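Taking it in order: structure first as structure tokens, then the write-up.
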Amino acid sequence: MLLKRYIPIGIVAFFGSLTLFGWFIENESIESFVNDDATQWYDIIASFAIFLGALNLLKLQFLKVVKRQSGWQYSVVAIASFFFAFTIGFFMKGAFFVGEDVYFTQKAAEQAILVSGSSEAVRAVEWGAHISTEGGLFKWMFDSIFTPLSATMFALLAFYVASASYRAFRARNFEATLLLLAGIIIMLGRVPVGSLITPWMVMYLLVFVGTIFMNTYFKDRKLIFGSFVLGLLGVTALGMSMDWNPTQPAIFFLPSLQEWIYTVPNLAGARAIMIGIGLGIIVTSLRYIFGLEKSYIGDQ
Amino acid sequence: MNNKRMKTYSLGFLGIALFTFALTQLPDSVHIFQSDRAVMFTLLLTIIMVMLNEVKEARISTDSIFLRTIPGLKAVEEAVGRSTEMGRPILYVPGIMDMNEVETVAGVIILGHVAQMTAQYETSLDVPVARSIVMQAARESCKEAYLTQGRPEMFNEDMVHYVTDDQFAYAAGVNGIMQRDKPAACMYMGKFYAESLLFAETGNSIGAIQIAGTASQAQIPFFVTACDYTLMGEEYFAASAYLSRKPELIAGVKTQDTVKLMLISFIGIALLSRALSDLGFTSFNLLTWLGL
Amino acid sequence: MKFLEDMILRFGSIDRRFIFILIGLAVFLPLLRPIDLPIRTTPTTEKVYNAIEAIPANSKILMSFDYGPSTKPEIHPMTLGVMRQLLRKDHQIYITCLWPDGLYMALDALEEINKEFELVEYEDYVLLGFRPGNEAIVKGLASDLRKVYTVDSKGTMLSDIPMMDDVNNLKDFQFIFTGSAGYPGTFEWVQYGGDPTGVPLSSGTTSIQVNEVMPYVQSGQVKGILAGMPGAAEYEKLIGTPGIAIQGMAAQSFAHLVIVLFIILGNLAYFITERRERKY
Amino acid sequence: MAFSTILGAWIAAFLTLGILSYLYRDNPFYKIAEHIFVGVSAAYWAATFYWTQIYPNLFGRLFPKDGPLAFIAEVDFNHEFNVLYFFPLLLGIMMLLSIFRQFNWMARWGIAYTVGIAAGLKAYGYLNSNVLSQISASAVDIFSGSLPFFNMSGDSVFNNIVILVGTISALMYFYFSREQSGSYGKFTRLGIYFLMISFGASFGFAVMGRISLLIGRFNDLILFSSSDYNYGTFWMMLFIVVILGFWSFQNPEKKEG
């Protein structure tokens, strides 16, 4: 009970209050713990833990292969790639210098010396530095396997964001309409094409959309047609009086309008969320430190 | 806020302010307090005071505390029910960050409540995680949940399993799980980055009920548009209190509310003081005085 | 009218793979044959430009490369632009990286800049390099830089670098700029770097982060912000050196137009179905 | 160009197209790319964490040059010997031991430490930058008379009032212990509108960012399709399209309700 329950709770309380109140105490060793060691220690623990995860991954994939579950062939791929990368990371330095040139293996480096007949000696990179040496095997793996995979997964999002905006961006109610309009205005106003759309086009469009809306609410055709014509004439008259200025009136000019939305109403919403999240995190953290919530260590 | 609380808090605040003031006045020979952080210190102690008082009150009786409904939380149980009917698993993603993010811890705690429901309904639960420490914590939390529901035999350690630490590799792996296992309900509770949309869109394409909860501001819009229910920002932190109905946790929500009111009143006072000084009635500006 | 409505409805039920192809083409085609579009600068970008322009010549500037290859298209043009603007006024640049691959990005940027400026290491810049620890690094820099960095990225002792003589913590810099793609990034620099030390801080971020950082910009905790690739393009225009960001703007504009078109069509289809269901 | 560079470009092109093929549907190429990704990345991060954390920061402090334990091993990273670092070592080893069922509980210590410092560190950072600074920035300038009444960009009295009302009403939306009805309900409704505009703006920015990244990816594919890389993109594309075509011919898509 002591080891399983009280010590963990004590650890949370002790380190929680130390890092929290450490900010207010003027003492060098506490300050250096709060500023530096506390997070370093976490990083170290997390680095140990990652091996636990890797073992779990291997176990599940091996089980799939052994039990011949559907798609077990792919599990073989996963296991093989794991060991491939693990070997490169832990057992091969993968970077041997001859002067400024880098070779993946000792042999290739020696070969290169033989070919060029230079008097340089082969210099292996230090352990630890081998993962960040430009031209080394680990960096090669990073560039040709890791980077394209993660960058492409990231780029898939462009397609998904398109299909999501098509499918889910519906003006179901007033809130959804606001979300949609703000999104569209930002999307158009932020890119160069937005400044090619003059306020006048937007105003004509508004007259048009307004008429469609009226059409759904009023049934009087004369009234609708009348206001449509009046709207068109009004916009045209205003346009002629302002010489069709391409950036005025600013409220209908997308780049200006997006700037206003972005710095005013958007800011208000974003700030409220920020304060809310801040409060949520502070109170939740205090709950952990004071031991009011302990279920993350299996203590209901 | 009733009068009694108001009185307690005013007195408490006064005490804290005096205490902080005393600390700033300590002679130079006793260097223990960072005086330039006095305002922060006062605020922090005030929040702690409010929290401890609310916990004390809540332990006496929780009946008096009203909490408005949050639709997303009701939906959790419905989703578990629907998965049971369809005989398909529930997928729970506790975010992609480690336990050093408060959001992740909250996600693991909510997982405990979901696990209690799946234990009751005898539905299978699948929790892929991106961090090993989260894996261990989530296991502890699930095991305990199955134990309290009297179904320890249904708990299987591998229902919580590690995929990889890498953001997009994890996203690819979870996408694969969704495509091949076709869960009936997907829940995303934790800290998310760009992968949120990958999850939500794939979940959508397999027709799962989706419930999301996150404090990652940039990802909330995706969840709002693509998921059935979303707990956004502060709602997410209140979720575990709603689900557990434990007095200590409800007191936490109440604390958030009380502090919120205090902060709004502070904005009001600061505005007033600024207006008075701007209009030339006084030369005192609260914010400048506090050094904010 | 009926015919038009049916067309829209049919479009409303198309396979999403069709949308994927369209969006792919909308990005790909303008890249093959770029068109010049007028770039308008926004006040938040101008704020960054003006803040950097106002730094007295020969100052010490800290630049942090907090991004990796996957977000390179957005952030890299910004860091290049900022470096150009700084070097024109002979500022000294100190480079740190909170992301491991940030180091590669910095090396890449220096190589690119070297083509126009003939940089001299340890006179124009020091590449301090990557240190693991996320926000702990920012906190460490704020209190004592030499605890975090004893050597630079090449392994040279800091005490042997004359440029480092008067640099002991963040307060010794006149300006901080971070090119940030997420965690750790702008937030950590604000919370543990800029706010506690009061050194002016500015940031270039991925588009997605802009909104989260915006309240900091309004309150002045961050001096202006470069928002995604369009922000980078505006900045390239302000410093008068067009680069890859401006080149990408045609593709960016087209793709946005296509997406807006999708949204409009999707909503039209939605309205038509709603109305028909109501009628019958 | 070196063979490894060209091989790298071909592999990169294959993996890029393999992932992109997911847009068509879940298929063997995507599955291969996905499993490679999961396997490689797990080992990649294990190696990166070990060599950037455990090796320099833990061993570097326990076995520094000239340190008391230098007779066991020497890991020189200019650190001084620090006996406190036995504590994270202990927690790390306990974390590893927790793989055995009877030692499951050992993980709790590490979890507890992680949660503890996270709670302490985050609470301060958020209190300072998210709450206090934002609250004080909300006390906006309305009465000084130095601002114009309305302005599309930049400060103005009108804008400041909108920001103030918006912030407070949206903050009240997150007030839990009161039913949102009556005139109070209307006020929080207003708050939701501000939140929605903010989400819309975020969505717009997100679209922008995602497209920029796609531009970057296409630029790479265009680069790899050049003769310098032996037209890697083209060959890989041809390969994948042909096989994928054949595969979907053999496995026609099942329609699910």
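Order of the sequence lines fixes the chain letters, A, B, ..., with proteins taken first and strands second; residue numbering starts at 1 for each chain. Everything numeric in this text was worked out from a predicted model, so none of it was measured.
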### Task
Give, as side chain, backbone, both or neither, the part of Phe33(A) having an atom under 4.5 angstrom from any heavy atom of chain D.
side chain
### Summary
Most heavy-atom pairs under 4.5 Å with chain A, out of Leu164(D), Leu23(D), Ile111(D), belong to Leu23(D)
### Task
Mind ranking Leu84(D), Leu90(D), Ile192(D), Asn160(D) by heavy-atom pairs under 4.5 Å with chain A and telling me who comes out on top?
Leu84(D)
### Summary
The interface call for Phe21(A) against chain D, heavy-atom contacts under 4.5 Å, is neither
### Structural part of Leu179(A) lying under 4.5 Å from a heavy atom of chain D
both
### Query
Roughly how far, to the nearest 0.5 Å, is the CG atom of Asn130(D) from the CD1 atom of Ile273(A)?
11.5 Å
### Task
Provide the full list of side-chain hydrogen bond (donor to acceptor under 3.5 Å, both in side chains) pairs with a residue in residues 264-275 of chain A, sequence neighbours left out, each pair given once.
Asn266(A)-Asn211(C), Asn266(A)-Ser198(D), Arg271(A)-Gln218(C), Arg271(A)-Gln134(D)
### Task
To the nearest 0.5 Å, tell me how far Arg5(A) CZ sits from Arg108(D) CZ.
9.0 Å
## Note on the structure
Closest non-hydrogen contact found for Ala123(D) with Ser285(A) is CB-CB, 4.0 Å
### Query
Of the listed residues (Tyr173(D), Phe14(D), Tyr22(D)), which shares the most heavy-atom pairs with chain A below a 4.5 Å separation?
Tyr22(D)
## Note on the structure
Result for side chain to side chain contact (heavy atoms under 4.5 Å, CB included) between Pro88(D) and one of Asp43(A), Asp37(A), Ile44(A) points to Ile44(A)
### Contact summary for Ser4(D) and Phe104(A), nearest pair of heavy atoms
CB-CE1, 3.8 Å
### Task
Using a 4.5 Å cut-off on heavy atoms from C-beta on, say whether the side chain of Thr263(A) contacts that of Asn159(D).
no
### Message
Checking Leu89(D) against Phe48(A) for the side chain to side chain contact (heavy atoms under 4.5 Å, CB included) test, could you report, in this order, the C-alpha distance in whole Å, the side-chain angles of both residues, the deciding distance, and whether it holds?
### Response
CA-CA 9 Å; Leu89(D) 177 68; Phe48(A) 275 101; 3.8 Å; yes
#### Entry: side-chain contact (heavy atoms from CB on, under 4.5 Å) partners for Ser129(D), two or more places apart
Val190(C), Gln191(C), Asp195(C), Tyr216(C), Gln221(C)
### Query
Of all heavy-atom pairs between Leu52(A) and Leu96(D), which one has the smallest distance, and what is that distance?
CD1-O, 3.7 Å
#### Entry: CH2 on Trp41(A) to OH on Tyr113(D), rounded to 0.5 Å
5.5 Å
### Summary
When the 4.5 angstrom heavy-atom criterion is applied to Val191(A) and chain D, the contacting part is neither
### Query
Is the distance between the ring centroids of Tyr55(D) and Trp127(A) less than 6.0 Å?
no
### Task
Fit a plane to each ring of Trp51(D) and His130(A), take the angle between them on a 0 to 90° scale, and name the class: parallel (under 30°), tilted (30 to 60°) or perpendicular (over 60°).
perpendicular
### Query
With under 30° as parallel and over 60° as perpendicular, where do the rings of Phe146(A) and Trp45(D) fit, or are they tilted in between?
perpendicular
### Summary
Heavy-atom closest pair (Ala182(A) atom, Ile197(D) atom, distance to 0.1 Å) is CB-O, 3.6 Å
### Task
Under the ring pair (Phe, Tyr, Trp, His ring centres under 6.0 Å) rule, what do Phe49(D) and Phe51(A) come out as? Steps first, then yes or no, please.
CA-CA 10 Å; Phe49(D) 273 112; Phe51(A) 290 95; 9.2 Å; no
### Task
Given ring pair (Phe, Tyr, Trp, His ring centres under 6.0 Å), test Phe142(A) with Tyr44(D) step by step and report yes or no.
CA-CA 8 Å; Phe142(A) 178 80; Tyr44(D) 170 86; 5.8 Å; yes
### Message
For Ser150(A), which atoms come within 4.5 Å of any heavy atom of chain D: side chain, backbone, both, or neither?
### Response
both
### Query
Of the listed residues (Phe158(D), Tyr193(D), Phe218(D), Phe199(D)), which shares the most heavy-atom pairs with chain A below a 4.5 Å separation?
Tyr193(D)
### Query
Hey, are the side chains of Ile36(D) and Phe82(A) touching, using non-hydrogen atoms and a 4.5 Å cut-off?
no
#### Entry: Stepwise side-chain hydrogen bond (donor to acceptor under 3.5 Å, both in side chains) test for Trp23(A) and Asn128(D)
CA-CA 11 Å; Trp23(A) 285 97; Asn128(D) 186 17; over 6 Å; no
### Task
Flag the one option from Leu286(A), Ile282(A), Leu180(A), Ile289(A) with the top tally of heavy-atom pairs under 4.5 Å to chain D.
Ile282(A)
### Summary
Applying a strict 4.5 Å limit to non-hydrogen atoms, the region of Ala54(A) in contact with chain D is neither
### Query
At their closest point, which heavy atom of Ala85(A) faces which heavy atom of Ala43(D), and how far apart are they?
CB-CB, 3.5 Å
### Query
Are any of the side-chain heavy atoms of Ile19(D) and Leu156(A) separated by less than 4.5 Å?
yes
### Message
If we define contacts as heavy-atom pairs under 4.5 Å, which of Leu91(D), Leu195(D), Leu58(D), Val38(D) has the most with chain A?
### Response
Leu58(D)
#### Entry: Spacing of Tyr288(A) atom OH and Lys122(D) atom NZ [to the nearest 0.5 Å]
12.5 Å
### Task
Could you tell me the separation between the CG atom of Leu127(D) and the CG atom of Leu279(A), rounded to the nearest 0.5 Å?
8.5 Å
### Message
Measuring from atom CH2 of Trp109(D) to atom CD1 of Ile7(A), what distance do you get when rounded to the nearest 0.5 angstrom?
### Response
4.0 Å
